[in-house]
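Below is one structure, written out as structure tokens, with a few remarks after it.
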Amino acid sequence: MTLWGHQDFRRLWIGDTISQFGASVGITVIPLLAAGVLNATPFEMGLLAAASTMAFLLIGLPAGVWVDRMRRKPLMIAMDVVRAALMLSVPVAWWLGVLDLPQLVVVSLAIGVCTVFFDVAYQSYLPSLVGRDQLVEGNSKLQASMSVAEVSGPAIGGYAAQFLGAANGVLATGLGYLSSALFLAGIRTAEPAPERHPDPHLRREIVEGLRFVFSNTTLRKIVACTGTSNFFHGIQNAVSVLFLLRVAGLSEGTAGLVFSASGVGGVLGAMVAHRLGVLIGQARMIWFVPLLTWPFVLLMPFTTPGWGIVFAMAGLAVSAFGVVVYNIGQVSYRQAICPDHLLGRMNASIRWVVWGATPLGALLGGGLGSWIGIVPTLWVSLIGSVAGMGWVLFSPLRSMRDLPTTSSVEAHG
């Protein structure tokens, strides 16, 4: 039976789709608000980009322990409600005439804290909801939702910023989080009580999660690949909006349209990932597809107004296709081999590294943008993110076709 007939998965799927749509609009509108309305400098844009993911670096590891100690669905609902309140504070401040860059940084940082808990809980919740034999299908559908949001969210956010004002576009994000909470609340599948650790101790439990991740050669390579690419993507986040608006000379609406190309590629990647796994093997999705697709992002610096936006849109679309297929493969691999009682700490340990690299890259990107210029910084970011796939190209994944299971991993040490 496929997950189309799984009612509670559908609730998770719909809620996540709405939340991702709102988040996609917000991710586009807040930098546009900072750059176009508050006249942020490259360093300030880097600081803002860093704030949105800094929480993964600061609290990612203890968050995994706490998630493993509690039920995941109530935690996700609470995080959605708090994120909604934080996002709605932005248009309120704008209407009152008191919005400034420090508020955007604080809001981004606080939402990042909530996102740490939501994402770790969400990835740890899926195996108990759908079963491990349907992980690739479940992750493919959820990635499809994320990619659909990425198609429409940036374009709508860009044109909303242009015609309605950027602060008003943030409303969609807050309402999206509230809708997500309502759908999650409707899930009826009983969630197993969390396992009680015989000797609860925060540091020892953190070390147990880290040991599981870094004692596995393949997981280490996946972490290195994702972390390297995310670090350089953080650099890209600091300057990409400035490049499109100030160097390429695009309008805010057109810039949003360009970013939406990532969503188009992502939708296609999510739609075919399950079939690709059957055709070429689930493990090969993690290294072979990126080899063919990630280098296309190097087209972005050739963007010009008019038909020249095709360079950025094609580069973002093809590379995003590969990124989504890679993510579906590597997340499914992680979930397939990890025991239930370690899922939260495993996901948190990996996210601490791979998402913690993003704000560091963003801070460096802001500094580089001010020092060597926007275009050279963009080139550094793109070349570095593509080079990150070298870790999985030379890993045990090259000799595997499909995903292993928890029992097979334990049997082989």
Side-chain angles (χ1 to χ4, degrees), residues 22-55 83 86-115 150 153-174 176-177 233-260 262 312 358-371 373-375 377-378 381:
S24 184
V25 172
I27 286 172
T28 303
V29 171
I30 286 182
L32 289 175
L33 180 62
V37 178
L38 301 180
N39 296 315
T41 66
F43 178 76
E44 289 171 334
M45 292 294 288
L47 185 64
L48 182 61
S52 63
T53 51
M54 184 65 75
R83 288 190 292 184
L86 289 165
M87 272 296 184
L88 292 174
S89 73
V90 174
V92 169
W94 173 254
W95 298 332
L96 296 176
V98 295
L99 181 67
D100 56 13
L101 189 71
Q103 179 180 346
L104 291 184
V105 172
V106 170
V107 166
S108 296
L109 182 61
I111 288 176
V113 171
C114 296
T115 300
E150 288 174 354
I156 292 175
Y159 284 112
Q162 185 173 343
F163 297 111
L164 302 177
N168 295 327
V170 180
L171 278 172
T173 304
Y177 287 135
H233 191 69
I235 298 176
Q236 180 184 340
N237 286 344
V239 297
S240 58
V241 170
L242 297 177
F243 169 75
L244 293 178
L245 296 182
R246 299 180 186 176
V247 178
L250 307 185
S251 68
E252 292 174 328
T254 304
L257 181 64
V258 167
F259 286 125
S260 72
S262 293
T358 304
L360 299 179
L363 290 173
L364 178 61
L368 283 177
S370 299
W371 179 37
I374 293 172
V375 175
T377 302
L378 183 63
S381 71

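Here the shortest heavy-atom pairing between Val98 and Gln103 reads O-OE1, 4.4 Å. In terms of heavy atoms, Ala238 sits closest to Met45 at O-CB, 3.8 Å. The nearest pair of heavy atoms linking Gly365 to Val239 is O-CG1, 3.9 Å.
Considering only heavy atoms from C-beta on, Met54 stays 4.5 Å or farther from Val105 through its side chain. For the pair Val241/Phe259, a side-chain contact is recorded, criterion being any heavy-atom separation below 4.5 Å from C-beta on. Within the 4.5 Å cutoff, side-chain heavy atoms of Leu48 are placed close to those of Ser108. Counting heavy atoms from C-beta on, the side chains of Leu104 and Leu38 come closer than 4.5 Å.
From Leu242, atom CG reaches atom CG of Asn237 across 11.5 Å, with rounding to the nearest 0.5 Å. To the nearest 0.5 Å, atom OH of residue Tyr177 and atom OG1 of residue Thr115 are 5.0 Å apart. Atom SG of residue Cys114 and atom CG of residue Leu109 lie 10.0 Å apart, to the nearest 0.5 angstrom.
Formation of a donor-acceptor pair under 3.5 Å by the Thr377 side chain with backbone atoms of Leu368 is found in this model.
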